[in-house]
Amino acid sequence: MTLLLQGGKIVDPSQKLEKKADILIEKGRVAGIGKIRGKKSWNRLDVTGRVVAPGFIDMHVHLREPGREDKETVLTGSQAAAAAGFTGVMCMPNTDPVNDSAAVTRFIIERAREAGLVNVFPAGAITKGSRGEELAEIGEMFKAGAVAITDDGQPVENPQIMRRALEYARIFDIPVIDHCEERALAAGGCMNESGVSTRLGLRGMSRAAEELHVARDVMLSRITGGRAHIAHISTAESLDWVRQAKKQGAGVTCEVTPHHFILSDEDIKNYDTNFKMNPPLRTPADVKAMVRGLADGSIDCIATDHAPHTRLEKEVTFEEAAHGIIGMETAVPLAWEFLVRPQVISVPRLVELFSVNPNRILKLGRGTLQEGAMADVTVIHPDLEITVDVSKFKSKSRNCPFHGWTLHGAAVMTIVGGKVVYQRRG
Amino acid sequence: MALRGKHLLGIEELSVQEIELILNTSRGFKEVFTRPIKKVPTLRGKTVINLFYEPSTRTRSSFEIAAKRLSADAVNFTVSASSVVKGETLIDTGRNLQSMAPDIIVIRHSAAGAPHLLAQYCKDSCIVNAGDGMHEHPTQALLDAFTILDHKQNIEGLKVAIIGDITHSRVARSNVLLLRKMKAKVYACGPPTLIPLEFDAYGVTVTYQMREALEDADVVMMLRTQRERQKEVFYPSVKEYSILYGLDKEKMKWAKRDAIVMHPGPINRGVEIDPEMADGEYSVILEQVTNGVAVRMAVLYLLLGASEEAES
């Protein structure tokens, strides 16, 4: 089916393109961009006033399958991704069993194929069972389709293991993604350690817990030449380390979640567990630093750390509650509302954060709309006003702090491999 | 005049007027203790459930006696003998109890925010916080204030030294909030490892030196080292802790001659406080316990009875 998107504004940083044009998609690939007269046999879609960008990738998603299909499955996660404007997601290996083998990697990819919606790129575990003791069969997972390795959910406690992982990953040129947390300094806390945790009477996790491991990974990346990607960065000092590493040419990259550039620990009210996640919400100064990092290029991408949990795990006391919130279906509106509309970043920069950079880091070969490229496309309505309604989410879970928020800018169409997998009604 | 809002979850939400109302009302109820029949019919027919997830000597019996002296029916819920041991959640426990239409649920729990969770899911009952983790213990702060006023003219301008394991203490937090609302000069003292971040944001002076805290203090409030809440090691030994931060006769000389010594209990004799100080002339520790019943009668009355004053 030949698809013609007419009248949209194409924003493609890979071609330094930001102009109103039509885009033709044929046999699953981009056939051309320009003023194109439509043929009657084509599927012509009017995208006047919309932003047309290379497909967005959420490179930090927990799909929970295998093992916790009560929270989310590859299918429901794919549906949520498509509705959110993502053409691809990278899913984390802290499933049950852990994805530390070619078998589990293949299973996830097969489930994604059955769903037939978005691309699912699995990350494999660094160590067997993510227990932090022995390297998993990284080569086998890579052959099966893994695009990165991480023990996310857990930090890599042993620095020598992290060092060997960074070295070994060089065979395949894949990034080692680290959940930076020195558990001893996190001290069993359930929120950021600050005046707020003092007032709420909750055990705090020192910001130093994250910063220590970020600094460590920068040093290890330097000595090994490996690529360390810092997951869900959250403090100003962590970002300073990444900034410094980049200046020195080390292969360090990082991502930030929308909640970390919007919410602070001062937003935690009435012990609402929808404000509990790891890393925790930090101080307002850290939030400002994240926004600055998004604008000045220190942060490479926005990734949601979409972490579905059942009501059972969240409707309990704050200290008992599971860490994490869902994030895919609010990511684009939040980024648009808080970064693009106030002109903190430009639209091309947003496309870098959601598409170009994740593709570059994970070597997915997309993130561009040049002729011949795979037709993964995200179409955004920049002025669409939405009120977040979690009950309408495609995700199986509902743990979201943004319910009821009024936001502007949302994905209205998602195209994967030339096929429309999501189109907003009305 | 009724306490605005339905629950007593913490000192943080109380205004100075509300605090004064509770303290004045407590005075009236303390008088009941001097009668041969220590009972008033005010809350006859009302049900108060004590839902205590943590052990308690004073607070629980205090709430029970307070309820009974008001002629209410007091029910004690023993967690270890309940279906909580079968895994029943806090919300389910609360909802089930609420279905039996209690008027007040008094809850003590090891998790901060447990009363708030209960208040969210049990909208028909009045929730009273009897201590939630390290967060607040509002009736303790109220009875402490009441005790201070038995010995001092005003709280305003007094120097109050709160000494000990501040980090893990809900008593410290509630007291600091109340004393600052009443404009006392508060000193928080303990080893740095046991004073939480930004504690001075409460408007208190933080010091690691006992002498600075005790110098000319009007009120000395000692806190127990909360070993059951400490998940790691904060000081080298009990011996060293008690040498540096324990209250004894020598250190007490730094305080004012007419200073009072307080402690929420239970005391660890010889650790944070010498037996001589606990039992001596400065000590008002047992008065605190007596006042606790009066203050809790006032709280139960104001949350329930006062709103129906017009009817009786």
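To find a chain, count down the sequence lines: A is the first, B the second, and so on, and within it residues start at 1. If you're wondering where the values come from, they're calculated on a predicted model, not measured in any experiment.
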Which heavy atom of Arg199(A) sits nearest to which heavy atom of Tyr202(B), and what is that distance? CA-OH, 3.3 Å
For Ala112(B) and Gly201(A), work out which heavy atoms get closest and say how close. CB-O, 3.7 Å
For Gln209(B), does the CD atom have more than 12 heavy-atom neighbours from other residues, nucleotides or ligands under 6.0 Å away? no
How many angstroms lie between atom [atom1] of [X] and atom [atom2] of [Y], to the nearest 0.5 angstrom?
| X | Y | atom1 | atom2 | answer |
| --- | --- | --- | --- | --- |
| Glu320(A) | Leu90(B) | CD | CG | 7.5 Å |
| Glu319(A) | His109(B) | CD | NE2 | 8.0 Å |
| Tyr271(A) | Leu9(B) | OH | CG | 9.5 Å |
| Thr317(A) | His116(B) | OG1 | NE2 | 12.0 Å |
| Thr198(A) | His135(B) | OG1 | NE2 | 11.5 Å |

Could you check whether any side-chain heavy atom of Val196(A) comes within less than 4.5 Å of a side-chain heavy atom of Glu198(B), counting everything from C-beta outward? no
What residues of residues 204-217 of chain A sit under 4.5 Å from chain B when you count only heavy atoms? none
Under 4.5 Å from any heavy atom of chain A - which part of [X]:
| X | value |
| --- | --- |
| Glu12(B) | side chain |
| Arg173(B) | side chain |
| Ala201(B) | neither |

From the list Leu312(A), Asn270(A), Thr273(A), Leu200(A), the residue making the most non-hydrogen contacts under 4.5 Å with chain B is Leu200(A)
